[in-house]
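Structure record follows, encoded as structure tokens.
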Amino acid sequence: MSLSDDLNPVQQEAVLETEGPLLVFAGAGSGKTRVLTYRIAYLVHEKRVPPWKILAVTFTNKAADEMKERVERLLGGSTKGAWISTFHSACVRILRRHIDHLGFKSNFVIYDEQDQDRHLKGIIKELGLDPKTFPPRKMLSAIDHLKNRGVSAEEYVPSEFNIFQKKLAQIYRLYQEDLRRNNALDFGDLLHFVTLLFRRFPEVLKFYQDLFHYVMVDEFQDTNLIQYELIRQIVNLHRNLCVVGDDDQSIYRWRGAEIGNILNFARDFPECKVITLEQNYRSTQNILQAANAMVSRNRFRKKKVLWTENPGGELLTFYTGEDEGDEARFVVKKIVEQCHPSPALTGLSETPDRVFRDIAVFYRINAQSRAIEDELVKNGIPYTIVGGMKFYERKEIKDVLAYLKWISNPSDGISLKRVINVPPRGIGEKTLEKIEALSREKGFSFYEGIRHALEERWFPPATHGKMEEFVRMMEELRKDREAFSLRQLTLAVLAQTGYLQRLKEEGTDEALSRVENIDELVNVITEFEQDGEGIPLESFLDKVSLMSDVDLYEDKKNRVSLMTLHCAKGLEFPIVFIIGIEEGVLPHHRRGEEIHDLEEERRLFYVGLTRAKERLFLSRAERRLTFGVGRVNPASRFLEELPEELIQYEIRREESRRHSSGEPEWSDSFWEEEKVVDMADAEIPLPAVDRIVLTPEGFMPLRIGMMVRHPKFGEGRVKAVEGMDENQKVIIFFQAVGSKRLKVRYANLEILE
DNA sequence: GTCTCTAACCTTTTT
DNA sequence: GGTTAGAGAC
């Protein structure tokens, strides 16, 4: 390790400034991780700080693992007990040790969003509230918000005149009570409880203050209030806190991230030193210039201008597709071109200079991946999706995990209720409700409730037998835990419960794919156990609960990567596509015109732009299917904010319409006439409609609310349009015969206005 | 209690 | 367009 060889002067300064608070503004691609890893290595190697006195927190496990790996490489050995982990896993580690202070047992389980949802629904029902006026998900996010601001159920004081708040207070209290009964914590609790622990038990706080002499926080712009408070509590003694972040890459405001944490850091730590890393090592001049121009439009930011010594590189390419299919064809055609350049196009190169793993496609929302996927499949290009429907969210996986969770913590009623009748055992909703009421009244966990009811012979005879059988089976599994390995335990669950057998009997394609997934889960568990540490069952469940989408991402396979812009943060690719540069998509219409929201959307775009090392392709579609309904989107306002001279517009041939079937999409005969034109020519006037309707003659502009005439039913008003293909239907209210749903193709409609 | 079919919701982003 | 929750039939 040689600081002067491996780091530029500013980076070196950030490494050497070890004492006291330090704020590092690290622009995209400026070597942020490098600084952090060298800093840790420097502390251990040069300043002889014992590794376990160092705490470094990140947001994803992937980032933590990467940091660990790089520190190990620098130190030529292990990280020897340095705490390098995510906020959440650090908190779990602390709570497993000290949570008894707060009246929980150390084998608590962590509820995910789905568990929370079920849990809260039960409470709303219990209170006799209408789920329509008090939607569980809205209540949940309100509770989460309170936790993120450090407000506990007992402390929350609702406004006396606000019915919503009053009910919220009631629900929040009951929700926490029930969690305690289940010995369970939700995501928000993990952080919140540690701050409570620190506040109420100074000796515990003292222990960690003494322990951590040096604290580092990565991606500081994404911390929320509670995370910041946690850090402040810990560093209050030694005050050796180094935070690294980039306000321009703050994209989690909607989840409570406080951009003020980084912008006002100097106010909380007046003695702090500020270092700004502005040299970019990742992107070409053109890419960087475009990104700079974009983000400089934001008003609420610390001014900085990234620069690079890299070559100018190629211009950004922009394509306007007819619809998302056309857009996808453009993307795939370009991918093929990059990976298999034909001699005619490149002049000389015979071998592809790019492989699939060099390429990533980013989008605003997950739903946009579909069109791209279809097109990639059609062309036999391997790809991987980061995020979206996750493995651990599949029903069968969650079922098996629920059994395991319960074995780990028999107080966990949510998991128990999930599987008590899976596969069907003749134990129904009503029985469960009775047990729940009984348990709540007596302060039992759900399982204790069942056992109590059995002893007292509360169940009707038929139910009694079934329940007895179930309890016997679960007790058996609980015993298995002592003697069995985690793998054996999982296999025992699958066999004893009849879960696997039931799926096999079903024999449908769906059931068989579930069996395959379960098979995969057993593989994962086996692997985990082999290089495992700690108690396998608990650590495995923790790992699964705290896993994020990006964590599953493996970059070793040679595949094109597809992901949302949010997932893209922290990654880089030689070639990047950003699709859907449209008003309503990016910026997304669910955000208002509020300046902070708009600026965050702009930052999101900025994050996407700065992931690219060499080439950047941007695109949009004039028409897009949302909810299976056609929609026309104008170009994003962000497009105009990119410097004109950095962009070349690629125009499409009119024939692309007939191209939806037949020949391979990228065949040279079709594309070779492409040319570069300027904006004026590329802009195609947009039809002023919000629904496009397909008729035998072609497209027909039909607006909702428009009056039309049908040959048989007479005059009517358009209420809705469904679909875009030849099966497209339209719902029309006719004065004569009422509402009708008609296939547009055959309806023979005539527009009246 | 179990299974099947319809209707509503959905899509912003996730540790 | 696709999934999922709730209603209705057996």
Side-chain angles (χ1 to χ4, degrees), chain A residues 57-64 85-92 110 112-114 117-118 121 131-132 135-137 141 144 147-148 186-191 218-219 222-224 226-227 250-257 324 362-371 374 386-390 393-395 420-432 460 462-463 466 506 510 545-551 563-570 580 584-592 597 600-601 603-605 607-608 624-631 722-725 727-729:
Chain A
V57 279
T58 62
F59 275 86
T60 66
N61 294 297
K62 188 175 190 289
S85 76
T86 64
F87 268 104
H88 293 268
S89 21
C91 287
V92 169
I110 302 162
D112 64 21
E113 220 172 297
Q114 227 180 77
D117 208 50
R118 283 166 185 248
K121 269 185 193 147
K132 287 219 171 74
R137 286 177 70 186
S141 87
D144 199 52
K147 287 181 181 174
N148 284 339
D186 69 14
F187 264 105
D189 288 333
L190 293 180
L191 298 155
D218 192 13
E219 306 277 15
D222 287 331
T223 51
N224 59 29
I226 199 90
Q227 286 160 336
S250 162
I251 52 176
Y252 287 106
R253 193 176 96 92
W254 52 274
R255 208 174 64 196
E324 69 268 40
F362 303 152
Y363 33 80
R364 177 65 235 264
I365 59 173
N366 279 306
Q368 284 173 269
S369 72
R370 169 151 279 111
D374 287 350
V386 182
M389 176 60 168
K390 288 154 262 179
E393 272 172 23
R394 289 169 201 276
K395 200 179 287 154
I420 195 167
N421 206 28
V422 182
R425 300 189 176 94
I427 301 170
E429 195 60 36
K430 281 214 170 138
T431 311
L432 297 188
T463 314
K466 292 171 191 164
E506 234 172 272
E510 199 198 339
S545 304
L546 300 176
M547 187 127 56
S548 74
D549 292 336
V550 203
D551 295 336
M563 69 190 83
T564 62
L565 286 162
H566 283 87
C567 278
K569 199 177 64 159
V585 178
L586 185 68
H588 197 269
H589 69 267
R590 286 288 289 262
R591 298 251 194 170
D597 285 334
E600 181 146 309
E601 292 288 300
R603 289 193 292 268
L604 198 50
F605 190 33
V607 166
R624 186 177 290 282
L625 279 181
T626 2
F627 301 127
V629 170
R631 219 167 246 292
E722 306 169 349
M724 276 283 288
D725 57 6
N727 291 319
Q728 185 182 45
K729 294 188 190 89

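The chains referred to below are lettered A, B, ... by the order of the sequence lines, with proteins before strands, and numbering in each begins at 1. Because only heavy atoms are used, hydrogens play no part in the values below, and waters and symmetry mates are left out as well, while side chains stay in. What you are looking at is a predicted structure, and each value in this text was computed from that prediction instead of being measured.
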* **Flag, side chain of A/Arg603 to backbone of A/Ser250, donor-acceptor distance under 3.5 Å** => yes
* Asked: Can you tell me if A/Gln368 uses its side chain to pair, donor with acceptor, with the backbone of A/Ile365 under 3.5 Å?
  -> yes
By the 4.0 Å heavy-atom rule, please label [X] as base, sugar-phosphate, or nothing.
| X | result |
| --- | --- |
| A/Thr223 | nothing |
| A/Arg603 | nothing |
| A/Asn421 | sugar-phosphate |
| A/Thr564 | sugar-phosphate |

* B/dT12 and C/dA5, which share atom name C1', separated by this distance in whole Å -> 23 Å
* chain A contact limits on DNA chain B, taken 5' to 3' with a cut-off of 4.0 angstrom to heavy atoms -> B/dG1 to B/dT15
* Structure fact -> Whole-Å distance, A/Asn366 CG to C/dG1 C1', equals 15 Å
* **For atom CZ of A/Arg631 and atom P of C/dG1, their distance in whole Å** => 16 Å
* Among A/Asn224, A/Asp186, A/Ile226, A/Leu191, side-chain contact (heavy atoms from CB on, under 4.5 Å) partner for A/Lys147 -> A/Asp186
* Asked: When you check the gap from the basic side-chain N to the acidic O, do A/Lys121 and A/Asp117 get nearer than 4.0 Å?
  -> yes
* To do: Before accepting this row, confirm whether a basic side-chain N of the pair A/Asp144/A/Arg255 lies closer than 4.0 Å to the acidic partner's carboxylate O.
  => no
* Select from A/Glu113 and A/Gly428 the residue whose nearest nucleotide in DNA chain B is closer to the 5' end of that strand. => A/Gly428
* **Earlier contact from the 5' end, DNA chain B, for A/Arg425 and A/Arg137** => A/Arg425
* Taking the inter-plane angle between the rings of A/His566 and A/Trp254 on a 0 to 90° scale, is it parallel (under 30°), tilted (30 to 60°) or perpendicular (over 60°)? -> perpendicular
